[in-house]
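Working notes for the structure below.
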Protein chains: 2
Amino acid sequence: MKKCCKDSEGWQGKFHGYGYRMTVAREVILDLLSNTDKHMSAEDIYMKIHETHPNIGLTTVYRTLEVLSDMALVFKLDIGDGRARYELAESPKKPNHHHHLVCTGCRKIVDYSDFIDQEVKLLQDTEKGLSKKYNFKITNHLIQFYGLCGACSARA
Amino acid sequence: MKKCCKDSEGWQGKFHGYGYRMTVAREVILDLLSNTDKHMSAEDIYMKIHETHPNIGLTTVYRTLEVLSDMALVFKLDIGDGRARYELAESPKKPNHHHHLVCTGCRKIVDYSDFIDQEVKLLQDTEKGLSKKYNFKITNHLIQFYGLCGACSARA
DNA sequence: CTATTAATGGAAATGATTGTCATTAATAAC
DNA sequence: GTTATTAATGACAATCATTTCCATTAATAG
Ligand SMILES: [Mn+2]
Ligand SMILES: [Mn+2]
Ligand SMILES: [Zn+2]
Ligand SMILES: [Zn+2]
């Protein structure tokens, strides 16, 4: 039931366009991220693909994730513990533009895209206002909510 | 012209209330943060106070900042490079509730509090909606804009 | 198929932060 | 003020995610 290597050809072109080569490690990692809704760390990814590709090293996982981020195929996310997580940038499985709700107890991460309209409005106004007022060329924003998930709340 | 040690007595009580002792290192660091509008790293702080207090170690700076954060006198801020910055939580010099505009070129950080009303409204709606929908007890949020400051923009 | 050069993996390095532990100093009790 | 108690300190080592190095391998152009 897994969609395996399905987009290889599409990806091949994209890699080529960036001057990158298509390699097994890149395909395997992209494939893994395409088939999960989790937000995995480099080591999570390493351990998972190690089951089927024990020859792919952790260093390569890091390098690959950097390449994929550069190509905007993957989004790197920082929830404030010192460990980056990664998710596929465009996925049919999750809303395009979404933010994260992070449990500070167990590090569970929930995607949400509620209130996006209101948010988009605020972002537009803010970006416009701040750009002018502070002479900043804004390229990016970060919105995140922190709290305790149900389980952690109960456990507390 | 520096406001030096002025709040020592007020702080003394606060430390006491938390079961902490008032020490030279704590006073010096609090004093430094009270007299700057910068967002300094532990090492920035260490180097600055080292000029007048060469006996205070970097470890103590870290521990002190942790204590001050715990007391909510200081706010620890993460702009995504692997280095935390600190600022006085309540300062007459900066807006109470503010967010940050970060230059990804030179790490310059600008405080802003524009669009706060609109933002507060969004935050309230979002927190309320997400709390219910995902059964999360939200305690905190993070909003940050990234981009290039005028200087870095020109230099690019 | 061969040459070119990007990509890889394993080990070592990095760098911010934290842990350890003997020593010092802040406060409480006298 | 002196003393006893124990938190706080400083120097150093340890941690741990991520990077850097470099000799080897593999992807692609021709
Ligand atoms: Mn997500
Ligand atoms: Mn600030
Ligand atoms: Zn949780
Ligand atoms: Zn800049």
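Order of the sequence lines sets the chain letters (A, B, ...), proteins ahead of strands, with each chain counted from 1.
- One interatomic measurement links the two molecules: CG of A:Asp44 to P of D:dA17, which rounds to 11 Å at whole-angstrom precision.
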- Message: Working note: A:Asp114 + B:Thr126, criterion side chain to side chain contact (heavy atoms under 4.5 Å, CB included); need CA distance, chi angles, decisive distance, verdict.
- Response: CA-CA 7 Å; A:Asp114 309 75; B:Thr126 308; over 6 Å; no
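- Sequence order on DNA chain D of the closest nucleotides to B:Tyr46 and B:Gly19 puts B:Gly19 first from the 5' end.
- A 4.5 Å side-chain heavy-atom check between A:Leu142 and B:Ile143 finds every atom pair outside the cut-off.
- Atom CE in B:Met22 sits roughly 12 Å away from atom P in D:dT9 (whole-Å rounding).
- Distance, B:Asn55 CG to D:dA8 C1': 13 Å, rounded to whole Å.
- Among the atoms of the strands shown, only primed sugar atoms or phosphate atoms (P, OP1, OP2) are found under 4.0 Å from some heavy atom of B:Thr23.
- Between chain A and DNA chain C, the heavy-atom contact criterion of under 4.0 Å yields a 5' to 3' nucleotide range of C:dT5 to C:dA11.
- Under the 4.0 Å criterion applied to side-chain N and carboxylate O atoms, B:Asp125 and B:Lys121 are assigned as salt-bridge partners.
- Checked against a 6.0 Å centroid threshold, the rings of B:His141 and A:His100 do not count as neighbours.
- Rounding to whole angstrom units, OH of residue B:Tyr62 and C1' of D:dA13 are separated by 16 Å.
- D:dT9 atom P lies 17 Å from atom NE2 of B:His50, rounded to whole Å.
- B:Tyr20 and B:Asp70 are linked by a side-chain donor-acceptor pair at a separation below 3.5 angstrom, with hydrogens and angles left out of the test.
- Comparing D:dA8, D:dG10, D:dA17 by their nearest atom to the side chain of B:Arg26 picks out D:dA8.
- No side-chain donor-acceptor contact under 3.5 Å links B:His99 and B:Asp111.
- B:Ser34 OG to B:Leu73 CG: the interatomic distance, rounded to the nearest 0.5 Å, is 8.5 Å.
- Residue contacts for B:Arg83: at a heavy-atom cut-off of 4.0 Å it reaches the sugar-phosphate backbone alone, with no base atom in range.
- OP1 and OP2 of D:dT19 both lie 4.0 Å or more from every side-chain N or O belonging to A:Arg63.
- When rounded to the nearest whole Å, the span between CD of A:Glu43 and C1' of D:dT15 equals 14 Å.
- Between the side chains of B:Glu87 and B:His98, at least one donor N or O lies within less than 3.5 Å of an accepting N or O.
- In terms of position along DNA chain C, the nucleotide closest to B:Ser41 lies nearer the 5' end than the nucleotide closest to the other residue of the pair B:His16 and B:Ser41.
- Per the geometry, CG belonging to B:Leu65 stands 11 Å off P belonging to D:dT9, to the nearest Å.
- There is a side-chain donor-acceptor pair under 3.5 Å between B:Asp44 and B:Ser41.
- A rotation axis mapping the C1' atoms of four pairs onto the next four is fitted at both ends of the helix from C:dC1-D:dG30 to C:dC30-D:dG1 over five pairs, and the angle between these axes is 40° to 10 degrees.
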